[in-house]
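Excluded from the calculations below are hydrogen atoms, water molecules and symmetry mates; all remaining heavy atoms, backbone and side chain alike, are included. Just so it is clear: chains get the letters A, B, ... in the order the sequence lines come, proteins before strands, and each one is counted from 1. Nothing here was measured: the structure is a model prediction, and the numbers come from that model.
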There are 2 protein chains.
Amino acid sequence: MQVGVMKQTKLTIADIARKGGVSKATVSRVLNNRPYVEKATRNKVLAIIEETGFVPHHSATSLAGGKTNILGLLVPSLANPYSLTVIQGVAEKVAGKNLDLMLYTTGLSEKNQKKFLERLSKNAVDGLIVLLPRESTNFESELFSSDLPLVLIDHRSINADLPSIAVTNEKGGFDATEYLISLGHTKIGFIAGLLAFGCSVERLDGYKKGLEKYNLPFCEEYVVEGDFTEASGYRGAKELMLLPTPPTALFCSNDDMAIGAMQALEEMGKRIPGDVSIIGFDDSPRASLAFPRLTTIRQPLYQMGESAANLVVDLINGKSVAKKCIVLKTELIVRDSCAELSKVKK
Amino acid sequence: MQVGVMKQTKLTIADIARKGGVSKATVSRVLNNRPYVEKATRNKVLAIIEETGFVPHHSATSLAGGKTNILGLLVPSLANPYSLTVIQGVAEKVAGKNLDLMLYTTGLSEKNQKKFLERLSKNAVDGLIVLLPRESTNFESELFSSDLPLVLIDHRSINADLPSIAVTNEKGGFDATEYLISLGHTKIGFIAGLLAFGCSVERLDGYKKGLEKYNLPFCEEYVVEGDFTEASGYRGAKELMLLPTPPTALFCSNDDMAIGAMQALEEMGKRIPGDVSIIGFDDSPRASLAFPRLTTIRQPLYQMGESAANLVVDLINGKSVAKKCIVLKTELIVRDSCAELSKVKK
DNA sequence: GAACCTTCTGTAACCGGTTTCATACTAACC
DNA sequence: GGTTAGTATGAAACCGGTTACAGAAGGTTC
């Protein structure tokens with residue numbers, strides 16, 4: 001088709017073999033740094049490779065070798081800082097190894113999940129990290145039936161045998177609640193994330209446990225369900241603050257909702273933390289930028305990505321992994337958005 | 001190795017052919033939705049595929065078909081909101097098409113660039129989007145010599161023939177400067193990004209043009225070079241404010257540096273915008289969260305990603321593209337971090 | 001009814017590597 | 001010197017698809 005100077009025809013291992021006066025097998029041995037090649041031969045072949053700039057064809061290598069050297073990373077969305085930080089952790093860890101990173105965004109739709117599942121389960125990737133907080137039984141069972149090395153992140157697995165990275169969501173919920181109680185609060189509103197997500201339920205459980213420990217009543221009407229978005233935090237806060245006896249503190253199941261809640265309170269003329277204390281969850285970058293700076297429960301997102309990458313790489317390499325389920329610790333980060341109740345009593 | 005129930009041996013097209021009593025060729029035609037298959041035959045094959053859950057082997061398809069259906073996306077780092085937003089735009093556009101997204105992070109090191117170059121240039125991906133603001137002559141020439149569909153983002157290309165997505169960096173720099181001048185500022189400090197980056201130079205040029213238009217002197221000591229990090233903005237601001245006649249306004253070449261500068265000013269007891277006006281560049285998510293909310297020059301990062309994806313897909317499909325170099329517009333976003341000079345005169 | 005076109009299908013070559021196996025060569029040992 | 005072991009190498013099969021080509025069947029055209 002193309003007129004003009006002919007681009008050098010694509011080099012193959014056969015070309016290298018010919019130039020070197022050796023067989024394809026020998027070139028392959030050199031490429032893969034295998035034994036049984038005489039030093040002189042090896043050097044000769046290496047020189048030719050260097051000189052010609054030969055690079056093995058990725059698909060051919062994968063097909064013949066039975067592995068792709070590709071790690072799949074499945075995330076629901078790129079729009080939240082949560083996914084992004086995890087991705088960073090994975091990418092960083094993967095960079096050193098001889099692995100490429102394939103990014104799939106499912107958008108939470110079942111259809112997309114299915115589509116991606118096809119791609120991965122049979123081939124295409126050597127291993128997979130799935131960041132999929134939503135409970136999704138059929139999804140998981142399909143995954144499990146495949147024998148692809150697979151690590152779930154923050155997915156309250158039905159099957160405890162699946163390798164996974166989790167965080168102490170319940171303890172985080174408990175800690176946040178206990179902290180607010182320690183400041184003297186007894187009327188604590190809770191803006192949950194989508195309760196279809198395992199993490200949301202766990203945080204809610206932690207909240208309940210916290211109340212229980214200090215003999216505070218669990219009040220159904222103090223709990224509203226959001227969807228992790230700022231807007232839902234805003235709505236949730238308004239709803240809670242319009243109760244006959246509104247809470248004096250709000251615990252939001254992530255930072256975005258907390259920031260939405262802060263906006264709602266501001267609009268309602270409530271001072272933070274003067275009138276109402278707010279605590280979030282995640283410690284996303286926004287938390288420390290908010291005004292006032294947001295007290296929150298940190299999830300080690302970056303580290304979750306790293307751990308997942310390490311684990312899946314071990315699984316790929318067939319290493320026996322000691323702990324298939326890794327639970328990372330959440331941590332209370334105290335900033336400026338919570339205050340003692342006594343100080344705010346009118 | 002594995003004891004127990006034998007996992008179904010990996011299905012191949014040959015298995016499907018056998019079950020259907022047809023040839024591999026026919027199955028392939030069905031899979032690829034090609035003509036010359038009788039309706040009855042097609043349905044029979046489709047039924048078997050459905051029933052067995054057969055999925056073609058990706059590497060085999062790529063090898064035989066000569067295309068990978070993978071789009072490569074090369075970014076220097078995931079740590080800045082800049083890259084992330086572009087990635088979102090690309091990912092979103094790609095999701096609809098039958099393309100997978102391979103993410104490479106080079107970390108700005110020449111060595112990594114080289115490494116990735118090998119992967120991509122010969123095979124591995126069908127097309128590539130490169131987000132590589134650094135000037136890098138040899139890098140670019142290598143890219144150019146390859147015949148891979150390729151789109152550069154925000155890379156002041158030496159070779160104008162390369163398909164690229166750019167923004168009006170110079171105009172953005174000019175607009176920011178003009179805006180500050182319109183507020184009465186005449187002593188305007190400039191914290192540049194790394195001047196090895198094309199965009200940094202262009203913004204600096206815009207700054208100079210702005211001064212020139214209003215007959216203000218360009219003062220060498222009012223310009224410091226940062227590296228796009230918050231820390232460098234902090235340092236740059238301190239340096240500028242300690243000058244004998246410090247500027248009354250700071251133009252920072254990105255938002256992160258602007259936020260660093262705000263911190264420095266706060267520490268020095270300067271009020272923003274009361275004592276010093278600050279304007280950034282990017283309109284990253286942080287800009288609107290900062291206190292005071294940061295006035296800035298918006299880059300349409302998401303749209304840049306989208307445009308790049310569209311362009312590279314067209315190139316892959318061999319469509320004749322009308323405009324190989326797309327320049328997107330920057331936009332002044334006025335918020336709260338700049339004020340009129342007259343009002344702040346002591 | 002011969003020549004020709006179209007549709008449908010299968011055979012076999014091919015994509016560019018890896019790997020098994022056979023063989024040649026060298027060194028070692030008794 | 002004959003057996004043995006280990007290193008070095010190449011021929012050919014193989015990975016799982018796609019596709020060029022050939023041939024069969026059916027329908028037109030003259």
Side-chain angles (χ1 to χ4, degrees), chain A residues 8-46 48-49 52-70 98 118-126, chain B residues 8-46 48-49 52-70 98 118-126:
Chain A
Q8 77 271 6
T9 344
K10 212 177 291 174
L11 279 176
T12 74
I13 202 176
D15 298 320
I16 306 300
R18 196 174 319 114
K19 283 185 210 262
V22 297
S23 70
K24 286 168 42 178
T26 297
V27 177
S28 177
R29 290 190 190 101
V30 172
L31 283 171
N32 296 289
N33 213 7
R34 280 201 219 306
Y36 301 128
V37 182
E38 211 176 5
K39 192 128 196 167
T41 312
R42 189 182 298 272
N43 288 336
K44 181 173 58 178
V45 173
L46 283 174
I48 297 176
I49 291 174
T52 58
F54 167 76
V55 176
H57 189 285
H58 184 263
S59 300
T61 311
S62 300
L63 178 57
K67 47 192 304 215
T68 62
N69 288 318
I70 294 176
N98 188 25
E118 290 176 353
R119 309 291 281 260
L120 77 90
S121 67
K122 307 286 173 173
N123 39 55
V125 296
D126 287 347
Chain B
Q8 77 270 6
T9 345
K10 211 178 289 175
L11 279 177
T12 75
I13 203 175
D15 299 319
I16 306 300
R18 195 174 320 114
K19 282 186 210 262
V22 298
S23 71
K24 285 167 43 178
T26 297
V27 177
S28 177
R29 290 189 190 103
V30 171
L31 282 171
N32 296 288
N33 214 7
R34 281 201 218 304
Y36 301 127
V37 181
E38 212 177 5
K39 193 131 196 164
T41 313
R42 188 182 299 272
N43 288 336
K44 182 173 58 180
V45 173
L46 283 175
I48 297 176
I49 291 175
T52 57
F54 167 76
V55 176
H57 190 285
H58 185 263
S59 300
T61 311
S62 299
L63 178 57
K67 46 191 304 212
T68 61
N69 288 320
I70 294 176
N98 188 24
E118 290 176 353
R119 310 291 281 258
L120 77 92
S121 67
K122 308 285 173 173
N123 38 56
V125 296
D126 287 348

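One atom, CG of B:Leu63, and another, P of C:dG16, lie 7 Å apart when rounded to the nearest Å. Atom CG in A:Asn69 sits roughly 13 Å away from atom C1' in C:dG17 (whole-Å rounding). Rounded to whole angstrom, the span from the NZ atom of B:Lys67 across to the P atom of D:dT18 amounts to 12 Å. When the C1' atom of D:dG17 is taken as reference, atom NZ of B:Lys10 falls 13 Å away, rounded to whole Å. Atom NE2 in B:His57 sits roughly 15 Å away from atom C1' in D:dT18 (whole-Å rounding). Regarding A:His58, its NE2 atom lies at a distance of 12 Å from the C1' atom of C:dG17, rounded to whole Å. Rounded to an integer number of Å, the gap from CZ of B:Arg18 to P of C:dT9 is 19 Å. The nearest whole Å value for the distance from the CG atom in B:Asn33 to the C1' atom in D:dT18 is 15 Å.
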Just the table, please: protein N/O against nucleotides 7-10 of chain D N/O, every pair under 3.5 Å.
residue: D:dT7; atom: OP2; partner: A:Tyr36; partner atom: OH; Å: 3.3
residue: D:dT9; atom: OP1; partner: A:Glu38; partner atom: OE1; Å: 3.2
residue: D:dT9; atom: OP1; partner: A:Thr41; partner atom: OG1; Å: 2.7
residue: D:dT9; atom: OP2; partner: A:Glu38; partner atom: N; Å: 2.7
residue: D:dT9; atom: OP2; partner: A:Thr41; partner atom: OG1; Å: 3.3
residue: D:dG10; atom: OP1; partner: A:Gly21; partner atom: O; Å: 3.4
residue: D:dG10; atom: OP2; partner: A:Ser23; partner atom: N; Å: 2.8
residue: D:dG10; atom: OP2; partner: A:Ser23; partner atom: OG; Å: 3.1
residue: D:dG10; atom: OP2; partner: A:Thr26; partner atom: OG1; Å: 2.7
residue: D:dG10; atom: O6; partner: A:Arg29; partner atom: NH2; Å: 2.6

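Contact check for A:Asn69 versus A:Thr61: no side-chain heavy atoms found under the 4.5 Å cut-off. Two residues are said to be in side-chain contact when any heavy atoms from C-beta on lie closer than 4.5 Å; B:Thr12 and B:Asp15 meet this criterion.
More than 12 heavy-atom neighbours from other residues, nucleotides or ligands sit within 6.0 angstrom of NZ on A:Lys44.
Of all the heavy atoms in B:Lys19 and B:Thr52, the pair that sits closest is CE-CG2, 4.0 Å.
Take B:Arg34 and apply the side-chain contact (heavy atoms from CB on, under 4.5 Å) test, not counting sequence neighbours, and it matches B:Arg29, B:Asn32. Residues passing the side-chain contact (heavy atoms from CB on, under 4.5 Å) test with A:Ser62 are A:His58, A:Thr68, B:Ser59, sequence neighbours excluded.
The side chain of A:Ser28 approaches C:dT19 more closely than any other nucleotide in the set D:dT18, C:dG16, C:dT19.
At the phosphate of C:dG17, neither OP1 nor OP2 sits under 4.0 Å from any side-chain N or O atom of A:Thr61.
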